[in-house]
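First the structure, in the form of structure tokens, and then the observations on it.
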Amino acid sequence: MGEKRIIYMDHSATTYVRKEVVAAMIPYFSEHFGNPSSIYGIARESKRAVDAARVQVAKALNADPEEIYFTSGGSESDNWALKGVAWANRKRGNHIITTQIEHHALLHSCQFLEKEGFAVTYLPVDKYGLVDPAMLEAAITDKTILVSIMYANNEIGTIEPIAELGAIARAHKVYFHTDAVQAIGNVPIDVKAQNIDMLSLSAHKFYGPKGAGALYIKKGVRIENLIHGGGQERKRRAGTENLAGIVGMGKAIELATADITGHNAKIRAMRDRLIKTVLAEIPHTRLNGHTEKRLSGNFNVSFEFIEGESMLLWLDDEGICASTGSACTSGSLEPSHVLLATGLPVEVSHGSLRLTLGDVNTEQDVDTVLAVLPKVGLRLREMSPLYQKERAGKEGGCNV
Ligand SMILES: *Cc1c(COP(=O)(O)O)cnc(C)c1O
């Protein structure tokens, strides 16, 4: 009984952990298990390992090691940047600017702050998911304390003009945070050259372990703590360090940023073949996101008259792991806020599929997906009540 090969094309959801990363982590579970805050020998080795990882993360961003704070991941880093800056700068102003296409860790933090009396501007994006720098400039008031704009979008892969946006915030003396969770390892980052004051990252998006992340905080930024307790992370983020996770993240970021150009060239070629063939073979299909300003592994496509969820089930049957932007579950319509922000109609957003390639993928994987996807797409469309209703001139909708 041969195991069917799993084709993993969901790298924006999470990645496997590289074997070099696992190897670097192993000693820190049992051999070197000391609490980095203790003073005996085995603890000193733990402390040394945490410091070394801090240097690795800092180097990848062109930051100083003292500007790196370890957290539990992207969600905590986003929560900390938003709430921490809001709380610490309340006297200066209550206005925050972000975008309509941020990750929920960011958007839900903003909604929480709105309940506390902060005012949030959610900048729109164009049909490619790009933020207009002139709109950012126009939105800044003398009450604005923070601008938070993601580096690269997790659904459609659009890469924002971060250096330019950061320069605008800086010119107005407003802090600039970016959620770079999807960008690490895919786009070269330089927090100094790109005018970034705070940056969130998460290890499990760049072949590191889950539950390990970091927030870069530029020296001098006024920010309140989010997690209170012991004096870890220079008294700014309490809790015994996730030692093995931090060591793994350090190794993972070093590997992920060693050859960004080579990594991109390899997966972009495969991704482009997917885009070209799928768009050519399935009619009523559109590419979501920008053609060039996009993450090299990201393919997000909308098929009219097909439900993304049905597509996922068929693909899963063939061992293909993908994701969809919208969930049509429990009888409620939950279209992707990102796709809607790009102007996609609700019914079309339900037919979206995201394939995100990474370093496990091969040309053979692409062949398999291309042998399956157009067939499944065309068959589902024939079966789709939406398609039949459309043909009958009626309105479509979620039919759960
Ligand atoms: C995955 C992701 C997060 C959340 O990171 P976790 O480490 O899973 O909490 C935040 N922002 C973006 C853009 C992401 O893709």
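Order of appearance sets the numbers: ligands from 1, and atoms from 1 within every ligand. Residue indices begin at 1 and follow the sequence shown.
Of all protein heavy atoms, the one lying nearest to atom 6 (P) of ligand 1 is G74 N, 3.5 Å. Of the protein's heavy atoms, S202 OG, 2.6 Å lies nearest to atom 7 (O) of ligand 1. The protein heavy atom nearest to atom 9 (O) of ligand 1 is S75 OG, 2.7 Å. Of the protein's non-hydrogen atoms, the one nearest atom 3 (C) of ligand 1 is H103 NE2, 3.5 Å. Regarding atom 11 (N) of ligand 1, its nearest protein heavy-atom neighbour is D179 OD2, 2.6 Å.
At under 3.5 Å, not a single nitrogen or oxygen of N154, backbone or side chain, sits near a nitrogen or oxygen of ligand 1. Ligand 1 has no nitrogen or oxygen under 3.5 angstrom from a nitrogen or oxygen of S72. Looking at ligand 1, you won't find any N or O of G73 less than 3.5 Å from one of its N or O atoms. For a threshold of 3.5 Å applied to N or O pairs, the pair formed by Q182 and ligand 1 contains at least one separation below that value.
Residue M150 has at least one heavy-atom neighbour below 4.0 Å for each of these atoms of ligand 1: 13 (C). Residue K205 approaches ligand 1 through these ligand atoms, each under 4.0 Å from one of its heavy atoms: 1 (C), 2 (C), 3 (C), 14 (C), 15 (O). Near H204, meaning under 4.0 Å from any of its heavy atoms, are these atoms of ligand 1: 6 (P), 7 (O), 8 (O).
The side-chain hydrogen bond (donor to acceptor under 3.5 Å, both in side chains) search around R286 returns N288, not counting sequence neighbours. For R268, the side-chain hydrogen bond (donor to acceptor under 3.5 Å, both in side chains) criterion is met by no residue, not counting sequence neighbours.
Stacking of R237 on the aromatic ring of F70 is not recorded, the 6.0 Å distance cut-off and the 45° axial limit not both being met.
Looking at H172 and E137, their side chains do bring a donor and an acceptor atom within 3.5 Å of each other.
A continuous path of ILVMFWY side-chain contacts below 4.5 Å connects V372 to M270, so both sit in one hydrophobic cluster.
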Trace of the side-chain contact (heavy atoms from CB on, under 4.5 Å) decision for H350 with E309
CA-CA 8 Å; H350 281 298; E309 301 241 303; over 6 Å; no

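Heavy atoms of other residues, nucleotides or ligands lying less than 6.0 angstrom from CH2 of W87 number more than 12.
Look at E116 and K83 and you find no salt bridge, because none of the NZ, NE, NH1 or NH2 atoms lies under 4.0 Å from a carboxylate O.
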